[in-house]
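What follows is a single structure, written as structure tokens, with notes after it.
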Number of protein chains: 2
Amino acid sequence: MTGPRPRPADRPSRGRQRASHSIEAVLTAAVALLDEAGEQALTLRALAGRLGTGVGSIYWYVSGKDELLDRAIDHVLGGVLSAVQVQVRSDDPIDDLRTMAVTLFDAIVDRPWLGTQFMRNIADRGNSLRLYEALGEQTLRLDLTPKQRFHAVSAVVGVVVGSAADLGQEPPEEVLDGAVGRDEFLGRYAEMWRELDAGEYPFMHEIVDEFDGHDDKEQFLAALELTLAGLRLQAGA
Amino acid sequence: MTGPRPRPADRPSRGRQRASHSIEAVLTAAVALLDEAGEQALTLRALAGRLGTGVGSIYWYVSGKDELLDRAIDHVLGGVLSAVQVQVRSDDPIDDLRTMAVTLFDAIVDRPWLGTQFMRNIADRGNSLRLYEALGEQTLRLDLTPKQRFHAVSAVVGVVVGSAADLGQEPPEEVLDGAVGRDEFLGRYAEMWRELDAGEYPFMHEIVDEFDGHDDKEQFLAALELTLAGLRLQAGA
DNA sequence: TTCCATTGTCGAACATCGTTCTATGTTCGG
DNA sequence: CCGAACATAGAACGATGTTCGACAATGGAA
């Protein structure tokens, strides 16, 4: 037994001395990889290559890929939190709730990989917890029971996550290459649906024109509006 | 050039002769693996082992792991669809919408791996499309524009997916072993939150008791109720 | 019957990934 | 100037998805 070597990734990085790579450099590079080519592009070897180091070095800053992803998410969520906190508060808590949810959604549109992995952190310490708190504080201004407030926030988060899950799934590489535009990509589905039997699929025929060339954000806003309307009703405002 | 060997996974399995394994056997085994130990347990080698065949054989029925997952999902969604279609229709389309959404949610509770991967298929042909249609047909009975109907269904699906995303993330292995109960697991978070600064996190303190020992289904139902209330308002019913 | 294309089966081999381990360099307080 | 802590680097390992070529079984055509 050699005695437990001080497990890396534990110590709070006391003094940084002359480290050519800080943890922030690692996270920034990781986020860059995710932004450029999606979740599957975040490879320890690719990350090491970009940093100009070896794979093993990354394990000094991070206990493994899971923590790497967690911290990368927390990293970008820091920016989202700042954006949310900067926003002015109106006198309508529900309006503020909407504003904050939209900010969160926009961040996920910019970084689709956030959508799938967004739920990893919630409940843990960190920026996701602070975001949750920021949303929740708006419900404190509503006439609700604690349980209703809890449910309200999880409902709003659920709408964001549910809408973001749509965006999270990577297009089949054709559109990422730019060979096929996203509109054309969606158009193929629309065309497929138009060919469905009209008697068996009345609803699909009803909405296929809406789907064709639809706007993800408008779709999200509509869903958000429904739960906010329900919430306003519940709060008796 | 040997001439393109007939790519498997293409042909519609004309006659099955004496095949010891049909595609359904493959899918059933895949679902069994997923049910028993979650998404990471579905390995081509594990699947081959369970089927008593070699890895290569699976590629005859399926083009790769992606299609395997897609078809496994569609396979179980078939059961969900049946359950949904069997349900009696009330005279209130929104009540029916709720019933169907709950059925879908319950299926995901039974199979948490469905939660994360649920969005893979939607929009494609298959049972997810039929489920989408079944939900949508309820909105045809409401006084809405086509666009509103489209948004309504995607909102309901979003609530289900958003709530299911909570369940999808596997607990950190301690609770899967049974060493730690799920309640105790959640309790740890509650305790962590209770230690947060009361001035900085007023909302977390407000809802920590609700979170401790909370019921996922109740949480989902509350979120669903909010969007359904908003929908009812929109339909002017 | 004989032949051959089709329909399947099988597992070795390959590339890639996350992770571990060990060897080595660097820094700084004593 | 030395040793402990800090930090880097990359070979090696096991697991995974996928490819490939060899091979068996089947069934109709010759």
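We name chains A, B, ... by the order of the sequence lines, and we start the count at 1 in each one.
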Any donor-acceptor N or O pair under 3.5 Å, side chains His214(A), Asp212(A):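 No, Asp212(A) and His214(A) have no side-chain donor paired with an acceptor closer than 3.5 Å.
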Whole-Å gap separating [atom2] ([N]) and [atom1] ([X]):
X	N	atom1	atom2	value
Leu68(A)	dT19(C)	CG	C1'	13 Å
Gln40(B)	dT16(D)	CD	P	9 Å
Leu44(B)	dG11(C)	CG	P	15 Å
Tyr61(B)	dG17(D)	OH	C1'	20 Å
Leu69(A)	dC17(C)	CG	C1'	14 Å
Ile23(B)	dT9(C)	CD1	P	11 Å
Leu47(B)	dG11(C)	CG	P	14 Å
Leu42(A)	dT16(C)	CG	P	17 Å

Residues which pass salt bridge (charged side-chain N to carboxylate O under 4.0 Å, His left out) with Glu191(B), listed by chain and number, not counting sequence neighbours: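 Scan of Glu191(B) (salt bridge (charged side-chain N to carboxylate O under 4.0 Å, His left out), adjacent residues dropped) gives none.
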Closest-nucleotide 5' rank along DNA chain D - winner of Ser57(A) and Asp66(B):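 Result of the comparison: Ser57(A).
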Closest-nucleotide ordering on DNA chain D, the 5'-leading residue of Arg45(A) and Gly52(A):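 Closest to the 5' end, via its nearest nucleotide, is Gly52(A).
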Phe211(B) and Trp193(B) aromatic ring geometry - parallel, tilted or perpendicular at 30°/60° bounds: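 Tilted: the ring planes of Trp193(B) and Phe211(B) meet at 30° to 60°.
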Sugar-phosphate only, base, or nothing, as touched by Ile58(B) at under 4.0 Å among non-hydrogen atoms: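 Answer is nothing: Ile58(B) stays at 4.0 Å or more from every strand.
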Under-4.0 Å side-chain N/O to phosphate OP1/OP2 contact, Thr53(A) with dA9(D):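 Indeed, a polar side-chain atom of Thr53(A) lies that close.
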Any Tyr59(A) side-chain N or O less than 4.0 Å from OP1/OP2 of dC21(C):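 Checking Tyr59(A) against dC21(C): no side-chain N or O falls below 4.0 Å of OP1 or OP2.
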Which one, [options], comes nearest to the side chain of [X]?
X	options	value
Val55(B)	dG8(C), dA12(C), dA9(D)	dA12(C)
Thr43(A)	dG17(D), dT7(C), dC17(C)	dC17(C)
Trp60(A)	dT8(D), dT9(C), dT19(C)	dT8(D)

Side chains of Leu104(A) and Val157(A) in contact at under 4.5 Å (non-hydrogen atoms):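 No, every pair of side-chain atoms sits at 4.5 Å or beyond.
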Pairwise side-chain contact, Phe118(A) with Leu77(A), heavy-atom cut-off 4.5 Å (strictly under):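 In contact.
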